[in-house]
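Here the structure is laid out as structure tokens; the discussion comes afterwards.
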Amino acid sequence: MRPERVEGFGFTPGTSLPGRLGRTGVIMTPHGLIRTPAFVAVGTKATVKAVLPESVAALGAQAVLANAYHLYLQPGADVIDAAGGLGRFMNWPAPTFTDSGGFQVMSLGVGFKKMLAMKTDGLEDDDVIAEGKTRLAQVDEDGVTFTSYLDGSQHRFTPEVSMQIQHQMGADIIFAFDECTTLMNTRDYQQRSVARTQRWAVRCLAEHQRLRREGKPPHYQALFAVVQGAQFENLRRQAARDLVSLTLEGSGFDGYGIGGALEKENLGTIVRWVCEELPEDKARHLLGISEPNDIFTAIENGVDTFDCVSPSRVARNAAVYTVRGRFNVTAAACRWNFSPIDEHCDCYTCTHYTRAYLHHLFKAREMLASTLCTIHNERFVVRLVDDIRASIEAGGFSEFKIDVLSRYYGSHSPLMG
RNA sequence: GGCAGGUUGCCCGAGUGGCCAAAGGGAGCGGUCUGUAAAAUCGUCGGCUUAGCCUACGUUGGUUCGAAUCCAACACCUGCCA
């Protein structure tokens, strides 16, 4: 597929969901269009793990999101710059995003998921760290000190550094450097953190504009601010309003990201609070979401694009999506099952391989297992979002949502074929 | 023929009188994963009527309150000597 070449950047809303914030639209980037809602595949280290770019394109992904922190550590933003930018470097001709490293403030700072599910009572914010983990990120007002997970060396990220790195790597859409907090942090900390993320946003915008003015930009890079505020309505709304009203030299952010601690039950509510404050003519990206129910919830509450590591990570660990729910192909029930993962799926994997074969590949620890299951899972999510877009345009979103979710979360086991 | 070492749960392998249904791996079985320190990680893993009982550490017999652990014989396996 040849991406359409466009000069600037922009977002044009299309069909709206009656009475709701959800809509279709088109994001224009120098490397082509993104028809929204859209799922953006994650390729943290400039590769969607285990899959060729041609396959990523073939499964319908419109854009790829890489990570500034990871690529800064390895191979270095200068290498990517010399290669002609992120897209050229990784042989991905379509639109690209880079995340700022803000998520790593949390993931390297406190550890991960187990922690997020734990009780927070009696813990000071500084105690919030996973057992047995070493804190690899330390936040202060000016920025973050990272300890490289690769070699232990110390690195300093500030809003300015993140902008410089992301400009050097040249993705079409870049994110402001934010602090991603967890649900475990106290309300007081969340409040101080959002305020700091706002101050960082100002610095990001200023540095972004300076770099655009003084640098030699290969093309227009769009800067998205990130709305934080955890589960608190006033923090979320205020954060969104502050970012929307922020302009320097007459221009502000090109779009908005929604990030941070999201209670699963309140995902829709939180997204709605934020999107109600955001202008209609700017794109909204929800960071890190991909479960089917979350996708519907996010879209109907105003999100245009989102990304998530889950489809690919889970695929490498043998879990696959079907219209009737998720299952692990390592399950014994797959050993003699010669049907595809999902009869309804049109992906390369489902049209060529059986559950029994994938089961075998995982048991034998063959790399192709990861490749094939990633192709399937990414296709599953991309297609779901494509179908949601079509249902909005056709006026049948609600029916489609009920239909999909009742089958996906219904009692029929996907292992039964 | 002689001397020495060995035989442990599906597999490998610790354990040399009670805290041993037996460490640790692996396999098997099941789960988890939401801006990727992830080809990671957790649980389970003899049976049952499961705070208890039964069956188990090559086989048979013995010592002992008590044996995978000590003794004897036998069966196989591995070295070295003839």
Side-chain angles (χ1 to χ4, degrees), chain A residues 39-51 64-71 73-74 97-114 116-117 130 132-137 146-152 173-183 224 226-228 257-264 267 285-295 297-298 303 305-321 326-335 359 361-374 377 381 415:
Chain A
F39 177 70
V40 177
V42 175
T44 303
K45 299 180 185 175
T47 166
V48 176
K49 295 184 194 297
V51 183
V64 168
L65 177 144
N67 185 286
Y69 176 66
H70 289 265
L71 293 176
L73 285 182
Q74 189 180 58
F97 293 58
T98 47
D99 188 20
S100 63
F103 180 75
Q104 279 62 43
V105 177
M106 185 276 285
S107 67
L108 299 176
V110 303
F112 228 51
K113 31 223 76 141
K114 297 282 163 18
L116 304 183
K133 297 266 186 176
T134 317
R135 188 184 286 275
L136 295 178
F146 288 107
T147 303
S148 165
Y149 64 92
L150 293 172
D151 62 8
I173 295 172
I174 66 178
F175 283 95
F177 190 57
D178 61 322
E179 180 187 9
C180 184
T181 56
T182 77
L183 288 171
F224 282 28
V226 180
V227 180
Q228 290 288 349
I258 304 171
L262 295 164
E263 288 175 307
K264 194 155 163 67
L267 177 68
H285 182 91
L286 179 61
L287 292 148
I289 290 296
S290 75
E291 286 299 306
N293 56 350
D294 295 335
I295 289 173
T297 301
V303 166
T305 57
F306 35 88
D307 66 277
C308 195
V309 303
S310 195
S312 73
R313 177 193 284 164
V314 142
R316 269 174 280 123
N317 297 324
V320 290
Y321 300 110
R326 211 184 82 178
F327 70 93
N328 293 332
V329 291
T330 42
C334 293
R335 188 156 181 237
H359 176 90
L361 291 180
F362 270 109
K363 291 297 185 180
R365 299 227 153 86
E366 284 292 340
M367 295 182 288
L368 188 58
S370 295
T371 301
L372 294 177
C373 287
T374 302
N377 280 357
V381 177
L415 268 174

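Proteins get letters first, then strands, A, B, ... in listed order; numbering begins at 1 in each. These numbers were taken from a predicted model, which means no experiment stands behind them.
Take A:Lys264 and apply the salt bridge (Lys or Arg N to Asp or Glu O under 4.0 Å) test, not counting sequence neighbours, and it matches A:Asp294. In this structure, the side chain to side chain donor-acceptor pair (under 3.5 Å) partners of A:Glu263, at least two apart in sequence or on a different chain, are A:Asn266.
Contacts of A:Asn67 with the nucleic acid, taken as non-hydrogen atoms under 4.0 Å apart, involve only primed sugar atoms and P, OP1 or OP2. Within the nucleic acid shown, A:Gln228 comes within 4.0 Å of at least one base atom, counting heavy atoms only. Within the 4.0 angstrom heavy-atom criterion, no nucleotide atom of any strand lies near A:Ser370. A:Asp178 comes within contact range of at least one nucleobase, with a heavy-atom separation under 4.0 Å. Among the heavy atoms of the strands lying under 4.0 Å from A:Asp307 are primed sugar atoms or P, OP1, OP2 only; no base atom is included. Residue A:Gly257 is out of contact with every strand shown, counting any heavy-atom pair closer than 4.0 Å. At a threshold of 4.0 angstrom between heavy atoms, the contacts of A:His70 are confined to the sugar-phosphate backbone, with no base atom among them. As judged by a 4.0 angstrom heavy-atom cut-off over every strand, A:Lys45 is placed among residues touching the sugar-phosphate backbone only. As judged by a 4.0 angstrom heavy-atom cut-off over every strand, A:Ala331 is placed among residues touching the sugar-phosphate backbone only. When heavy atoms are screened at a 4.0 angstrom cut-off, A:Val40 is found touching no nucleic acid atom at all. If you check every strand for non-hydrogen atoms under 4.0 Å, A:Ser148 touches nothing. If you check every strand for non-hydrogen atoms under 4.0 Å, A:Arg326 touches a base.
Between the CD1 atom of A:Ile258 and the C1' atom of B:rU34 there is a distance of 15 Å, rounded to whole Å. Rounded to a whole Å, the CG atom of A:Asn328 is 7 Å from the C1' atom of B:rG31. The separation between A:Phe362 atom CZ and B:rC29 atom C1' is 17 Å, rounded to whole Å.
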* **Derivation and outcome, side chain to side chain contact (heavy atoms under 4.5 Å, CB included), residues A:Phe103 and A:Leu287** => CA-CA 9 Å; A:Phe103 180 75; A:Leu287 292 148; over 6 Å; no

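When the P atom is used for both B:rC74 and B:rC81, the distance is 25 Å, rounded to whole Å. Taking the P atoms as reference points, B:rU59 lies 10 Å from B:rG9, given to the whole Å. When the P atom is compared between B:rG46 and B:rA22, the two are found 9 Å apart, to the nearest whole Å. Straight-line distance between the C1' atoms of B:rU32 and B:rA38: roughly 12 Å, to the nearest whole Å. Using atom C1' as the reference point in both B:rC80 and B:rA67, the two lie 32 Å apart (nearest Å). Here the separation of B:rC33 from B:rG28, taken at their C1' atoms, is 22 Å to the nearest Å. B:rA68 sits 11 Å from B:rA56 when the P atoms are compared, rounded to a whole Å.
Looking at heavy atoms from C-beta onward, A:Ser312 lies out of side-chain contact with A:Val42 at the 4.5 angstrom threshold. At least one side-chain heavy atom of A:Leu262 sits under 4.5 Å from a side-chain heavy atom of A:Leu286.
The listed nucleotides are B:rA38, B:rA40, B:rG35; the one nearest the side chain of A:Asn317 is B:rA40. Minimum atom distance to the side chain of A:Leu108 is reached by B:rA37, of the listed B:rG35, B:rA38, B:rA37. The A:Ala332 side chain lies nearest to B:rG30 when the options are B:rU32, B:rA37, B:rG30. You'll find that the side chain of A:Cys308 is closest to B:rU34, out of B:rC33, B:rA37, B:rU34. Here B:rC33 is the nucleotide among B:rG28, B:rG35, B:rC33 with the atom lying nearest to any side-chain atom of A:Ser310.
In terms of position on RNA chain B, the residue among A:Leu65 and A:His359 whose nearest nucleotide sits closer to the 5' end is A:His359.
Pairing each heavy atom of A:Ile295 with each of A:Ser290, the nearest pair is CD1-O, 3.3 Å.
Taking CD1 of A:Ile174 as the start and CZ of A:Phe97 as the end, the distance is 12.0 Å to the nearest 0.5 Å.
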